[in-house]
Amino acid sequence: MYARETRVLPGFGLSLGYTLIYLSLIVLIPISAVFIKTFEMTLDEFWAAVASPRVVASYKLTFGASLLAAAINVVFGSLLAWAITRYTFPGRKLVDALIDLPFALPTAVAGIALTAIYAKNGWLGQFLEPLGIKIAFGPPGVLVALVFIGLPFVVRTIQPVLEDLDAEYEEAAASLGASRWQAVTRIVAPALLPPLLTGFALAFARAVGEYGSVIFIAGNIPMVSEITPLMIITKLEQYDYRGATAIASVMLVISFLLLLIVNGLQSWSSKRTGRTV
Amino acid sequence: MSIEVRNINKRFGNFTALDDVSLTFPDGELVALLGPSGCGKTTLLRVIAGLERADSGQILLDGEDSTDRDVRQRKVGFVFQHYALFKHMTVYENIAFGLRVRPRSTRPSEAEIRKKVARLLELIQLGWVADRFPTQLSGGQRQRIALARALAVEPRVLLLDEPFGALDAKVRKELRRWLRQLHDELHVSSIFVTHDQEEALEVSDKVILINKGRVEQLGTPWQIYNEPATAFAYGFIGNVNEFRGRVDGGYVHVGDDRISLGHSNFANGQDVVAFVRPHETEINPDVHNGEGITAKVHRIQGKGPVTRIELVANGEARKGKNEFFEVELPGSELATLGITAGQHVKLTSKRISVFDHQNGTGKP
């Protein structure tokens, strides 16, 4: 006999239809346009566009600096989240609000501010430069900018999980004889692993796509401190639309693969912790 | 292990959680800390465990001063109300945790750990869940695992904070009986916190009744139920009829009525509160009787061998407010009394306990 599938929540067809149309319009169609445009090129043209030494150097910088920045943010972002969830201190609310600033600030403003601070005659730059540390107008500048814009992603993903993580678990560990270090590494850290991976993925994705703040501080020296989004803009300015989309499609594929890996890690870690079976 | 606390004080801001508490817990017994919520019983348990630090006072474990000892060094097993099982570890790893975190010199080998965990799983009758995660188990199973985890480190004392508080009534009762059995097998000194009088009276060897950060009474369940030492103890344990009035000539006067005090050392004119248990309250159908509290029969509930009669009184002495009383009679007696709902009767007592109205103390 034919049994009609019934759902408790009504409106499945409508909401799925809406989701698909919306996703297509906003995400899928623009992205597929990138690939369609790219397919107008011959293989040789494509290869020349995406594998020229200057472009390859920009991939290395963009993905390398983004991964590194996300990793730095995971470490210091979790420290920050820990401090504002576990302790009360005067100005805690202010610190909490400050964390969102990189979200809200126009990236160009952030870039100009960072450049002003780290340049040779800036507040920090004037002390670092004599020590032989050159931050602005070079790859370290790119890293600084990417760390800056990625920070809130990590803090805001870990914070709610930390708030939910009852002190009871740490007390239980202590009553069983675990040292503070053992309690943190064996009890707190595993609980934080899934949100840490999410935070990492978000910060990384944001960093890969960042343009505004990096452009000001990077110095944009060919082969040294040019990021991939800049290469795309350069091509566009030369009216080489197909070259621009070719680079963009390579970027898309790499980003997608990296995010897929992070998501895989995440589901592995939550499976391992018995959250979803 | 013997546990002694001396003059413990603990405040949270303006709130006094523990007010000069001194207690000696008998060795090898199962003791219940009983009291209403917010009375300080959990705080006392946490202070003994070392999870909370007292503002002043001393904790002696096995006769040695452990006041400044860390929870790690006190060798106490602590069981939390919401289990606090490590979600990312299997049941096996949860129980083994306390053994694995030991310093290398005293850490048992993997084979020894396996043997010990297997033995504990057998003890809690859950051998088949070793490889599961806590989220896959029921509340009762989780609490038993939490207990096994605490026992794995061979604690000198077991502390349980509302261990059955998050469970439903049936599981609660089962687990209660099981805890008693387990204690009879292991004989490890145990203290458990509860706000459920039935639980405390049924399971424990001794009950410590706490109210507003102070110890009201310490005694066996029988003593706590049958010989309450204070007005609070009387009111908190079991059902009770309460009469507030003034002593005069061997009677407590409540409005126009009076009820016999029996033998007492209260002076005439003193404000007192008198308690009578429902099964020790008697009904006299003769309203013109010189003694007894006037009340109207409100409802008669006759199910099973015991008949419960609810009575209501109001009037000037109670400022127009309704006051309810309860009488328990063997079913057979109801027929001889011949009372019906709506009838006025007088209440007298077989046994009455009278306390000072002000400080709630004083022997009848």
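We name chains A, B, ... by the order of the sequence lines, and we start the count at 1 in each one. For clarity, every value in this text was computed on a predicted model and none was experimentally measured.
- B:Val76 touches chain A through its backbone: at least one of N, CA, C or O sits under 4.5 Å from a heavy atom, while the side chain does not.
- Nearest heavy atoms, B:Arg72 versus A:Ala178: NE-O, 2.7 Å.
- Taking chain A as the reference chain and counting heavy-atom pairs below 4.5 Å, the highest number among B:Arg102, B:Arg100, B:Arg74 is found for B:Arg100.
- Closest of all the heavy-atom pairs between A:Gly177 and B:Val101 is C-CG2, 4.0 Å.
- For chain A, the option among B:Ala49, B:Gly98, B:Pro103, B:Ala84 with the highest count of heavy-atom pairs below 4.5 Å is B:Ala84.
- The neighbour count for B:Lys75 NZ, taken as heavy atoms of other residues, nucleotides or ligands under 6.0 Å away, does not exceed 12.
- Shown here for A:Ile187 and B:Phe97, the closest heavy-atom pair between the two residues is CD1-CE1, 3.7 Å.
- With a 4.5 Å cut-off on side-chain heavy atoms, B:Glu52 and A:Glu171 do not count as touching.
- Heavy-atom neighbours of B:Phe12 CZ from other residues, nucleotides or ligands within 6.0 Å: above the threshold of 12.
- With rounding to the nearest 0.5 angstrom, the CZ atom of B:Phe86 is 5.5 Å from the CG atom of A:Leu176.
- More than 12 heavy atoms of other residues, nucleotides or ligands shown are found within 6.0 angstrom of CZ on A:Phe103.
- Contacts of B:Arg132 with chain A are absent, with no heavy-atom separation under 4.5 Å from either backbone or side chain.
- Heavy-atom distances place the backbone of B:Ala150, and not its side chain, under 4.5 Å from chain A.
- Note that CE of B:Met89 and CZ of A:Arg186 are 7.0 Å apart. Values are rounded to the nearest 0.5 Å.
- Proximity to chain A is absent for every atom of B:Leu159, based on heavy atoms less than 4.5 angstrom apart.
- At most 12 heavy atoms of other shown residues, nucleotides or ligands fall within 6.0 angstrom of atom CD in B:Glu122.
- For A:Tyr18, the OH atom is loosely surrounded, since the number of other residues' heavy atoms within 6.0 Å does not exceed 12.
- In this structure, chain B has no heavy atom under 4.5 Å from any part of A:Ala183.
- Here CG of B:Leu51 is found 12.0 Å from CD of A:Glu170. Values are rounded to the nearest 0.5 Å.
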